[in-house]
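Taking it in order: structure first as structure tokens, then the write-up.
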Amino acid sequence: TPKDSHVAIEFGAEGIGLCRTEHMFFEADRLTVMREMIFAENEADRAASLERLLPMQRADFTELFQIMEGRPVCIRLLDPPLHEFLPADRSGLRDLAEALSLPLSRVTERVEQLSEYNPMLGLRGVRLGITVPEIYEMQARAIFEAAIDSGVDASPEIMIPLVSACREVELVKARIDAAAAAVRVERGQSFSYSLGVMVETPRAALRAGEIAAYSQFLSFGTNDLTQMTYGLSRDDAGRFMSRYVQKQVFLEDPFHVLDTDGVGELLQLGAERARKAHPDVTISICGEHGGNPESIAFSRAHGFDYVSCSPFRVPSARLAAAQLAIQEETAYSGAQ
């Protein structure tokens with residue numbers, strides 16, 4: 001968010017490694033329009049709702065680009081499942097029915113239709129972008145128009161979440177490139193952008209060579225990658241994690257300290273295969289692991305380009321990186 005961006009700059013961040021666009025939809029005025037889009041009966045109605053969301057997104061991105069003054073800004077396209085934008089309790093359903101002028105039964109039915117047994121492995125991320133492509137098209141257009149309106153050399157980075165197959169990237173890339181071409185023609189101005197993938201499924205890490213052929217950067221989302229590699233739920237693991245660490249099943253909670261053996265091997269394999277296919281691809285770690293000294297040491301050892309973390313962890317991350325750089329310099333001088 002703009003507020004976070006100011007904090008990050010003050011703490012010495014060199015850019016934004018992850019802008020979560022879903023947070024922009026949860027404000028009251030936008031949430032209503034988002035819900036209208038979810039309840040749209042046809043493509044035309046859905047497009048009308050997205051047309052109302054477009055200027056809101058564009059204004060957000062314009063402000064973000066201006067705050068960052070040309071620093072890298074990596075924007076993740078919408079990631080969570082649509083049901084997260086809908087109320088779950090009876091009172092909320094009644095309020096929504098009133099706001100949308102719909103029968104309560106219709107609202108309840110739609111919410112039930114969108115419910116999933118395991119939503120974090122369901123219709124979210126790139127799957128949503130392929131199933132309802134108008135959402136990603138709107139976001140891409142908002143990003144490109146903001147890049148022009150901002151008055152700075154924004155060069156945005158657009159990140160596709162939850163990829164597991166190369167074809168997913170091909171499909172989304174085609175629509176984003178088309179949106180860019182349309183904005184250039186309409187505005188009569190040129191701009192640059194890069195397209196990349198958030199690698200957070202084990203399959204994406206293993207097939208990183210194929211995926212990198214269509215990507216300028218790969219950002220390893222270690223939170224979800226850890227969850228899927230271990231088969232652990234981040235939300236539920238706390239019930240037994242302390243016992244596991246106590247009995248040394250795990251030396252550390254893998255959601256707090258990067259597992260450099262299991263998850264790390266996937267990161268290493270993914271990076272090697274991506275660079276073999278695309279030597280200039282940018283590779284990073286994204287998530288709370290990115291602020292840990294152990295993760296930064298791993299990233300340096302394997303030639304990753306950068307790490308990203310929450311704004312308040314930037315100082316400790318910079319300190320860890322500086323200490324590692326000094327250690328390497330000292331070791332190099334001693335070797336001479």
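Index from 1, following the sequence.
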Under a 3.5 Å distance rule, please check whether [X] uses its side chain to pair with a backbone N or O of [Y] as donor and acceptor.
{"X": "S284", "Y": "F220", "value": "no"}
{"X": "E168", "Y": "A165", "value": "yes"}
{"X": "T131", "Y": "L128", "value": "no"}
{"X": "R273", "Y": "L206", "value": "yes"}
{"X": "S215", "Y": "L218", "value": "no"}
{"X": "Q248", "Y": "Y244", "value": "no"}
{"X": "H83", "Y": "L114", "value": "no"}
{"X": "N223", "Y": "G287", "value": "no"}
{"X": "E200", "Y": "L162", "value": "yes"}
{"X": "R127", "Y": "G122", "value": "yes"}

If you take all heavy atoms of [X] and [Y], which pair is closest and at what distance?
{"X": "S5", "Y": "I67", "value": "CB-CG2, 3.9 Å"}
{"X": "I296", "Y": "A317", "value": "CD1-O, 3.4 Å"}
{"X": "P87", "Y": "L96", "value": "CD-CD2, 3.6 Å"}
{"X": "V169", "Y": "V163", "value": "CG2-CG1, 3.8 Å"}
{"X": "P311", "Y": "F11", "value": "O-CD1, 3.3 Å"}
{"X": "G291", "Y": "S316", "value": "O-OG, 4.0 Å"}

Side chains of [X] and [Y]: do they bring a donor and an acceptor to under 3.5 Å?
{"X": "D89", "Y": "S91", "answer": "no"}
{"X": "H289", "Y": "T222", "answer": "yes"}
{"X": "D259", "Y": "Y230", "answer": "yes"}
{"X": "T21", "Y": "Q139", "answer": "yes"}
{"X": "S150", "Y": "T62", "answer": "no"}

[Y] side chain reached by [X] side chain, heavy atoms, under 4.5 Å:
{"X": "V257", "Y": "F250", "answer": "no"}
{"X": "L195", "Y": "Y214", "answer": "no"}
{"X": "V7", "Y": "F312", "answer": "yes"}
{"X": "L77", "Y": "P161", "answer": "yes"}
{"X": "T1", "Y": "R20", "answer": "no"}
{"X": "N292", "Y": "H256", "answer": "no"}
{"X": "V172", "Y": "E137", "answer": "no"}
{"X": "V281", "Y": "Q216", "answer": "no"}

* To do: Step by step, work out the side chain to side chain contact (heavy atoms under 4.5 Å, CB included) result for V73 and I75.
  => CA-CA 6 Å; V73 177; I75 300 167; 3.9 Å; yes

Going by an N to O cut-off under 4.0 Å, is there a salt bridge joining [X] and [Y]?
{"X": "E170", "Y": "K173", "answer": "no"}
{"X": "D224", "Y": "R234", "answer": "yes"}
{"X": "D45", "Y": "R52", "answer": "no"}
{"X": "E186", "Y": "R141", "answer": "yes"}
{"X": "D60", "Y": "R30", "answer": "yes"}
{"X": "R71", "Y": "E14", "answer": "no"}
{"X": "E84", "Y": "R124", "answer": "no"}

* To do: Please test C19 against M24 for side chain to side chain contact (heavy atoms under 4.5 Å, CB included), starting from the C-alpha separation and ending with a verdict.
  => CA-CA 10 Å; C19 170; M24 300 172 173; 3.7 Å; yes

* To do: Might you work through the side chain to side chain contact (heavy atoms under 4.5 Å, CB included) test for V249 and F240, ending with a clear yes or no?
  => CA-CA 11 Å; V249 178; F240 60 85; over 6 Å; no

Calculate, to the nearest 0.5 Å, the distance between atoms [atom1] and [atom2] belonging to [X] and [Y] respectively.
{"X": "Q227", "Y": "D236", "atom1": "CD", "atom2": "CG", "result": "9.0 Å"}
{"X": "F298", "Y": "F304", "atom1": "CZ", "atom2": "CZ", "result": "5.5 Å"}
{"X": "D149", "Y": "Q189", "atom1": "CG", "atom2": "CD", "result": "8.5 Å"}
{"X": "L269", "Y": "E272", "atom1": "CG", "atom2": "CD", "result": "6.0 Å"}
{"X": "S115", "Y": "L86", "atom1": "OG", "atom2": "CG", "result": "10.5 Å"}
{"X": "R300", "Y": "Q327", "atom1": "CZ", "atom2": "CD", "result": "9.5 Å"}

[X] atom [atom1], over 12 foreign heavy atoms within 6.0 Å:
{"X": "E116", "atom1": "CD", "result": "yes"}
{"X": "L251", "atom1": "CG", "result": "no"}
{"X": "R58", "atom1": "CZ", "result": "yes"}
{"X": "Y136", "atom1": "OH", "result": "yes"}
{"X": "Q113", "atom1": "CD", "result": "yes"}

* So which residues get pulled into M159's cluster when ILVMFWY side chains under 4.5 Å apart are joined, directly or through others? -> L18, M198, F217

* Residue pair D253, R243: steps toward the salt bridge (charged side-chain N to carboxylate O under 4.0 Å, His left out) verdict -> CA-CA 10 Å; D253 181 341; R243 182 64 60 88; over 6 Å; no

* Asked: Is it the case that one hydrophobic cluster holds both L102 and M37, taking links as side-chain heavy atoms less than 4.5 Å apart, direct or via other members?
  -> yes

* **ILVMFWY cluster, M228 and L258 together (side-chain gap under 4.5 Å)** => no

* Asked: Does the ring of F191 carry R184 above it, NZ/CZ under 6.0 angstrom from centre and within 45° of its axis?
  -> yes

